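Keep in mind that the numbers below use all heavy atoms, side chains included, and drop hydrogens, waters and symmetry copies. All figures in this text were calculated on a predicted structure; none of them were measured in a lab.
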Amino acid sequence: MTLSERDSLVIEAAIQFGADYFYEVKNGTLGMTLYITAPNKAEASLIRKDAPHAWKGLYVIVLYTSSPDFAEETLYDPKLS
């Protein structure tokens with residue numbers, strides 16, 4: 001698959017599933033895969049309802065990134081040790 005074919009699939013996925021997510025087409029463990037990355041778990045659940053498991057001959061994997069509720073700097077306080 002050429003770079004322009006990947007780009008056109010990413011654009012088509014953004015049009016079909018929404019432009020609020022990050023899309024990437026790359027070779028996965030099962031073959032060519034469309035990775036959709038959502039900003040949090042709730043958004044990932046919504047996109048999973050709309051996105052099929054296979055789309056245009058690609059496997060579809062929905063991921064999400066989530067930041068912790070606390071800042072990592074607050075985990076260690078040298079005054080307490």
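Phe22 and Trp55 fall into different hydrophobic clusters, where Ile, Leu, Val, Met, Phe, Trp and Tyr are joined by side-chain heavy atoms under 4.5 Å apart, directly or via other members. The hydrophobic clustering, which links ILVMFWY residues whose side-chain heavy atoms are closer than 4.5 Å, places Tyr35 and Leu58 apart. Residues Leu46 and Ile36 are members of separate hydrophobic clusters, defined by side-chain heavy-atom contacts under 4.5 angstrom among Ile, Leu, Val, Met, Phe, Trp and Tyr. No chain of hydrophobic side-chain contacts below 4.5 Å, direct or via other Ile, Leu, Val, Met, Phe, Trp or Tyr residues, connects Leu63 to Tyr23.
Around the OH atom of Tyr59, the shell of radius 6.0 Å holds no more than 12 heavy atoms that belong to other residues, nucleotides or ligands. Annotation for Tyr64: atom OH does not count as buried by contact number, only 12 or fewer foreign heavy atoms lying within 6.0 Å.
Counting only heavy atoms from C-beta outward, the side chains of Val60 and His53 never approach each other to under 4.5 Å.
In this structure, Leu34 and Ala13 approach most closely via the heavy-atom pair CD2-CB, 4.0 Å. Among all heavy-atom pairs drawn from Val25 and Met32, the shortest one is CG1-CE, 3.8 Å. Nearest heavy atoms, Ala44 versus Ala38: N-CB, 3.6 Å. Residue Ala51 comes nearest to Phe17 through the heavy atom pair CA-CE2, 3.8 Å, listed as atom of the first residue, atom of the second, then distance.
Legend: salt bridge (Lys or Arg N to Asp or Glu O under 4.0 Å) pairs involving residues 20-48, not counting sequence neighbours: none detected.
Taken to the nearest 0.5 Å, the CG atom of Leu9 stands 10.0 Å off from the OG atom of Ser4.
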